[in-house]
Amino acid sequence: MTKFCSSTLAVPQANTCVPQHVAIIMDGNGRWAKKRLMPRVFGHKKGVDALRETVKTCDALGVRYLTVFAFSNENWRRPDDEVSFLMGLFLKVLQGEIERMHQNGIRLKIIGNRDRFSAELREWIESAEARTANNAGLTLTIAADYGARWDILQAVHRLQQSEPDKAASFGEAELTPYLSMAYAPEPDLFIRTGGEQRISNFLLWQLAYTELYFTDLLWPDFDAAAFGAAVDWYRGRERRFGRTSEQVQATSSC
Ligand code: FPP
């Protein structure tokens, strides 16, 4: 039977268990396409297939939350045709996959700044979230026009507006309900494909205690076996959360 790691800081556990929350930077689509003498956008299309497979794998393994970085707030700097392709692909994914996701009990959430999206895309995002809101299976979060610094700042601004009395003296516990991912535990495992070893403004607050895994595989090549290898690596990590190894071993329960 699958056992989950708690990602609450109060109860550190050893890692013979499945990560409860996995966060992924899906990098390498462009290079994957270039290697095949295809346009970059072909790699993004294949990236959707890899995402679909990863969702299935997470569901099968018992991962509860999967969060993927689809479009950063720096990605607007890409060539116009690539940006429009990615926006169109996002819309197509919502239109084409939401029913199947719903049938499979997946709850879809989108985080990021929606102001620059078309009205049509915003409407589809809202209806996809509403349609799947009560599902009890995997929570799939897509970060789109997202940046962690933007997220932290919007949380501070909303806290200041909603609770002005706390504005001068708030702590972590007061701020976290205003962050975009307030509904999820912090990620246990972070994966970045494509060979780069950086966080690139993704979930900076939430990744503070996360195990970081980097692979040279390009995102379209990231399959169930590759996901399994990342989880196996994760299981070998000892998560101490500031404690000693002996303390962790005395309290571990999975
Ligand atoms: C990074 O690869 C990938 C992106 C910026 C886009 C990610 C999008 C997908 C995987 C498509 C599926 C997602 C949705 C929800 C539409 P890159 O283009 O930076 O690759 P490179 O580093 O090889 O150039």
Side-chain angles (χ1 to χ4, degrees), residues 23-31 33 39-48 50-52 54-55 65-98 101 106-133 139-162 175-184 187 190 192-194 196 198-207 219-220:
I24 305 183
I25 295 187
M26 309 178 287
D27 196 12
N29 293 345
R31 278 167 284 161
R40 292 175 53 78
V41 294
F42 184 66
H44 296 318
K45 257 177 151 168
K46 285 290 174 188
V48 175
L51 177 55
R52 199 180 294 112
T54 301
V55 168
Y65 298 85
L66 172 66
T67 303
V68 295
F69 208 177
F71 194 85
S72 75
N73 47 28
E74 287 88 14
N75 285 150
W76 293 107
R77 297 179 190 150
R78 292 192 173 201
D80 288 349
D81 56 349
E82 185 171 341
V83 170
S84 337
F85 182 90
L86 282 167
M87 291 297 135
L89 190 61
F90 191 14
L91 187 61
K92 222 163 127 186
V93 166
L94 292 175
Q95 291 169 335
E97 310 263 347
I98 199 64
M101 283 189 204
I106 291 169
R107 179 170 68 139
L108 183 69
K109 306 278 266 181
I110 313 295
I111 56 167
N113 181 5
R114 298 179 190 180
D115 296 350
R116 294 177 71 178
F117 293 158
S118 67
E120 188 185 21
L121 181 53
R122 278 203 299 270
E123 277 161 28
W124 273 94
I125 288 173
E126 280 159 27
S127 81
E129 286 188 326
R131 180 98 176 102
T132 61
T139 297
L140 170 64
T141 301
I142 297 178
D145 198 2
Y146 172 86
R149 291 179 182 176
W150 165 85
D151 191 17
I152 293 166
L153 285 174
Q154 69 77 29
V156 172
H157 295 151
R158 288 202 296 136
L159 169 67
Q160 284 169 335
Q161 268 165 15
S162 311
L175 186 66
T176 45
Y178 292 94
L179 291 166
S180 298
M181 294 222 56
Y183 54 86
F190 162 93
R192 181 174 186 148
T193 61
E196 306 294 350
R198 51 179 174 255
I199 307 294
S200 298
N201 201 17
F202 187 40
L203 301 176
L204 295 180
W205 181 283
Q206 294 84 353
L207 292 176
W219 175 249

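What you see is a predicted model, and the numbers here were worked out from it, not measured in a lab. This chain uses plain numbering: 1 for the first residue, then up along the sequence.
Looking only at side-chain heavy atoms (C-beta outward), F90 and I142 come within less than 4.5 Å of each other. Under the 4.5 Å side-chain criterion, counting only non-hydrogen atoms from C-beta, L89 is not in contact with V41. The shortest distance between side-chain heavy atoms of K46 and W219 does not fall below 4.5 Å.
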Taking distance alone, no hydrogens or angles, what donor-acceptor pairs closer than 3.5 Å link side-chain atoms of residues 66-75 to residues at least two apart or in another chain?
from: T67; atom 1: OG1; to: H21; atom 2: NE2; distance (Å): 2.8
from: S72; atom 1: OG; to: E74; atom 2: N; distance (Å): 3.2
from: S72; atom 1: OG; to: E74; atom 2: OE1; distance (Å): 3.4
from: S72; atom 1: OG; to: N75; atom 2: N; distance (Å): 3.1
from: S72; atom 1: OG; to: N75; atom 2: OD1; distance (Å): 3.4
from: N75; atom 1: OD1; to: S72; atom 2: N; distance (Å): 2.8

After noting the C-alpha distance and the side-chain angles of H157 and Y178, does the key distance pass the side chain to side chain contact (heavy atoms under 4.5 Å, CB included) rule?
CA-CA 9 Å; H157 295 151; Y178 292 94; over 6 Å; no
Between F190 and I199, does a side chain to side chain contact (heavy atoms under 4.5 Å, CB included) hold up when you go through it step by step?
CA-CA 9 Å; F190 162 93; I199 307 294; 4.2 Å; yes
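Residues that satisfy the side chain to side chain contact (heavy atoms under 4.5 Å, CB included) test with R198, not counting sequence neighbours, are R192, E196, S200. In terms of the side chain to side chain contact (heavy atoms under 4.5 Å, CB included) criterion, residue partners of R114 (sequence neighbours excluded) are, by chain and number, I110, F117, R122, I125, E126, E129. Applying the side chain to side chain contact (heavy atoms under 4.5 Å, CB included) test to E120 and every residue at least two apart in sequence or in another chain returns L91, Q95, S118, W124. Under the rule for a side chain to side chain contact (heavy atoms under 4.5 Å, CB included), the partners of T176 that lie at least two apart in sequence or sit in another chain are L179, W205. Shown here are the side-chain hydrogen bond (donor to acceptor under 3.5 Å, both in side chains) partners of R158, two or more places apart in sequence or in another chain: Q154. Considering only residues two or more places apart in sequence or on other chains, S180 meets the side-chain hydrogen bond (donor to acceptor under 3.5 Å, both in side chains) condition with D151. Annotation: side-chain hydrogen bond (donor to acceptor under 3.5 Å, both in side chains) contacts of T132 (sequence neighbours excluded): none. Residues satisfying the side-chain hydrogen bond (donor to acceptor under 3.5 Å, both in side chains) criterion with T141, sequence neighbours excluded, are Y183.
In this structure, the separation between CZ on F42 and CG on N29 is 11.5 Å, given to the nearest 0.5 Å. Between the NZ atom of K109 and the CG atom of L140 there is a distance of 11.5 Å, given to the nearest 0.5 Å. Rounding to the nearest 0.5 Å gives a distance of 4.5 Å between CG of L108 and CD1 of I98. Going from atom NE2 of H44 over to atom CG of L86 covers 4.5 Å, rounded to the nearest 0.5 Å.
G43 and P220 get closest at one heavy-atom pair: O-CG, 3.8 Å. Here the shortest heavy-atom pairing between P39 and A33 reads O-CB, 3.2 Å. Here the closest heavy-atom approach between residue T193 and residue D27 is recorded as OG1-O, 2.7 Å.
Residue pairs meeting the salt bridge (charged side-chain N to carboxylate O under 4.0 Å, His left out) criterion with at least one member in residues 141-150, sequence neighbours excluded, do not occur. Screening residues 75-90 for salt bridge (charged side-chain N to carboxylate O under 4.0 Å, His left out), with sequence neighbours left out, gives R40-E82, R78-E82.
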